[in-house]
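Below is one structure, written out as structure tokens; the observations come after it.
Everything numeric in this text was worked out from a predicted model, so none of it was measured.
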Amino acid sequence: MFKIRKIWTVVGILVMFAMIITACAPAATEAPPAEEEGEEAPPPEEEMSFEGETVTIFSACGEEQCARFQEAMTPFIEETGIDVVVEGSGDFEVLSVTRAEAGDPPEIYNFPQPGLMADMARDGYLIDLGEALGMDYIQQQYNPAFIESGTVDGTVVGIWRSADVKSLVWYPKPAFEAAGYTIPETWDELLALSDQIVADGSIPWCIGIESSTATGWPATDWIEDIMLRTTSPENYDAWTTGELKFDSPEVRNAFETMGNIFFNEDYVLGGTTAILTTAFGDAPLPLFDDPPSCYLHRQASFIPNFFPEGTVVGEDVDYFYLPPIDAAYGEPVLGSGNLLSMAVDNGAVREVMKFLATPESVEPDVRAGLAIAVQNGTPDDWYPSEAQQGFAQILANAETFRFDGSDLMPGAVGAGSFWTGVTDYIGGAELDTVLQSIDASWPSE
């Protein structure tokens, strides 16, 4: 009897334990109610459709350039359904502001000059891209130098589509190598190379700044390149906005550093007279004399368009990066190009901007040899020549990138007194007079 009671006691304990476990177990999750007939669940965000959306990119491009830009957008349009329209105008600067002030801006601006972009950003017409696209995304697509150059007052408002390189020195490769010359890596080495060429009985530099009503602009590029190599990027920026005067130690030093080459009678083919009277497109032609009449010519990546027909870059002529002067300022690059900004913020515009930040958005122009992409990850084999691959490497390695300074300045200065002032300086005018006259021409607020 005792054993039976004991067994039932044990059974009772087990039953009670099972009831406690059951009570503590979570209740089964109820199945969600079935969707009512005819009601569809919203699509996942990544599958959101932009079919029927239109995004306009307003640009200063000409008819042919706009057509190429439009064609480059075709795969994106087919994939997303967004109707991207590239619209160009020769009155880009005026219309950009007019449309913004009227409250009817294009969704995206394609700025050929960052000065206008900065002005419109400060007037509140452009979207913060760090917020719209995400800084992580932007940092994946561009190196810091290009992010910085699209930043206004601490806010990223522009991303680069493509750029050109100005910080280049061209030389006649076969004769250069036959003479035993080597590529200089510092400014002192560049001057030493110039001295060696003189000692060998030749002339180092060929320079020409004549350009009809725009005479002087090639010399302003020299000043800008030297500024980037002898003072901070912040001072360069302050100079282009008028905060740092032309009549300042920094700018004066840049003029004098250029003058050390331009005014050296042994250095320049034809001396200052030739500098002033030789058309910029004709200036590199003495490189191709046999033997070369000069060995060095500083000019941008577009100058091969003026070389003799049949010239092969990399064989007949080659180039190197204009060396740094002060190591404190690294290896800066002067250039030009196009920046893209948002004026309207919505999902479709963000998608377009994200695509424009990829190499694929400029692939057709890169493959055609018409553009240098600055987006990270652009394949080298897209470029049709080693020369263009080299331009891309210079841009990729830039520790500082700045836009052509005269293009950033007000027109009265950048395309006026700066051009004429530097021309007067080369012609013999006193530097004090030149710098003070340029400052006096700066438009008042």
Side-chain angles (χ1 to χ4, degrees), residues 45-46 48-50 52-61 66 69-70 72-73 76-77 80-89 91-163 237 241 337-362 373-376 401 403 408:
E45 186 175 345
E46 63 271 21
M48 187 178 294
S49 172
F50 296 106
E53 298 275 3
T54 298
V55 173
T56 299
I57 302 173
F58 187 45
S59 176
C61 55
C66 284
F69 197 164
Q70 185 71 61
M73 299 302 298
F76 173 83
I77 294 170
T80 64
I82 300 172
D83 183 17
V84 180
V85 178
V86 178
E87 178 185 336
S89 173
D91 295 322
F92 175 83
E93 288 199 15
V94 174
L95 290 177
S96 293
V97 176
T98 300
R99 293 175 66 171
E101 290 176 342
D104 185 30
E107 284 75 17
I108 295 172
Y109 289 105
N110 183 32
F111 290 104
Q113 296 180 355
L116 177 59
M117 177 193 74
D119 289 343
M120 293 187 66
R122 293 188 177 107
D123 288 339
Y125 294 129
L126 303 181
I127 304 297
D128 180 345
L129 298 183
E131 183 176 321
L133 307 183
M135 281 307 301
D136 286 347
Y137 183 78
I138 293 173
Q139 289 165 352
Q140 290 170 7
Q141 303 305 119
Y142 299 95
N143 85 20
F146 286 93
I147 296 173
E148 182 186 2
S149 61
T151 300
V152 176
D153 300 336
T155 301
V156 180
V157 294
I159 56 173
W160 285 83
R161 183 165 189 262
S162 63
D237 295 339
T241 59
N338 296 80
L339 290 103
L340 299 143
S341 298
M342 286 172 58
V344 175
D345 189 7
N346 62 44
V349 180
R350 292 186 180 196
E351 287 298 308
V352 175
M353 287 292 286
K354 285 184 176 181
F355 174 70
L356 291 170
T358 67
E360 288 74 19
S361 69
V362 73
V374 297
Q375 295 89 340
N376 293 335
F401 181 90
F403 208 90
L408 296 174

Salt bridge (charged side-chain N to carboxylate O under 4.0 Å, His left out) partners of residues 99-111, not counting sequence neighbours, each pair once: Glu87-Arg99
Nearest 0.5 Å, please: how far is CG in Asn346 from CZ in Phe50? 8.0 Å
Closer than 3.5 angstrom, by distance alone: can the side chain of Thr358 be matched with the main-chain N or O of Lys354 as a donor-acceptor pair? no
Heavy-atom donor-acceptor pair, Asp123 side chain to Tyr125 backbone, under 3.5 Å: no
Non-hydrogen side-chain atoms of Leu356 and Phe76 separated by less than 4.5 Å: no
Considering all heavy atoms of both residues, which atom of Ser341 and which atom of Gly158 are nearest to each other, and what is their separation? OG-CA, 3.8 Å
Hey, is the main chain of Ala357 close enough, under 3.5 Å, to the side chain of Ser361 for a donor-acceptor pair? no
Asp91 side chain to Val94 main-chain N or O, any donor-acceptor pair under 3.5 Å? no
Worked verdict on Met73 versus Val352 for side-chain contact (heavy atoms from CB on, under 4.5 Å): CA-CA 9 Å; Met73 299 302 298; Val352 175; 4.2 Å; yes
Shortest non-hydrogen pair, Asp345 vs Met342, comes out as OD1-CE, 3.5 Å
Without swapping roles, check the side chain of Glu53 against the backbone of Ile82 for a donor-acceptor pair under 3.5 Å. no
Arg350 side chain vs Ala132 backbone, donor-acceptor pair below 3.5 Å: yes
Does the side chain of Ile127 reach to within under 4.5 Å of the side chain of Val157, using non-hydrogen atoms? no
Check: Gln141 and Ile159 side chains under 4.5 Å, non-hydrogen atoms: no
Students often mix this up, so state it plainly: with edges at 30° and 60°, are the rings of Trp160 and Phe401 parallel, tilted or perpendicular? perpendicular
Is there side-chain contact between Cys61 and Asn110, with heavy atoms separated by less than 4.5 Å? no
Identify the heavy atoms of Pro106 and Val344 that sit nearest to each other, and give their distance. O-CG2, 4.1 Å
Leu340 vs Met353 side-chain heavy atoms within contact, under 4.5 Å: yes
In this structure, which one of Val84, Thr56, Val349 forms a side chain to side chain contact (heavy atoms under 4.5 Å, CB included) with Ile108? Val349
Given side chains that start at C-beta, do those of Leu116 and Glu93 come closer than 4.5 Å, heavy atoms only? yes
State, with a plain yes or no, whether a side-chain heavy atom of Tyr109 is found less than 4.5 Å away from one of Met120. yes
Closest contact, heavy atoms only, Asn338 versus Pro112: ND2-CA, 3.8 Å
Is the side chain of Asn143 donor-acceptor paired with the backbone N or O of Phe146 at a distance under 3.5 Å, no angle test? yes
If I take atom OG from residue Ser96 and atom CE from residue Met117, how far apart are they, to the nearest 0.5 angstrom? 12.5 Å
Check Leu129 against Ile138 and note the closest heavy-atom contact, atom names and distance. O-CD1, 3.6 Å
Centroid separation Phe111 to Phe92 less than 6.0 Å: yes
For the student: nearest non-hydrogen atoms of Leu339 and Gly150, plus distance: CD2-CA, 3.8 Å
Are Val156 and Met135 close enough that some pair of their side-chain heavy atoms sits under 4.5 Å apart? yes
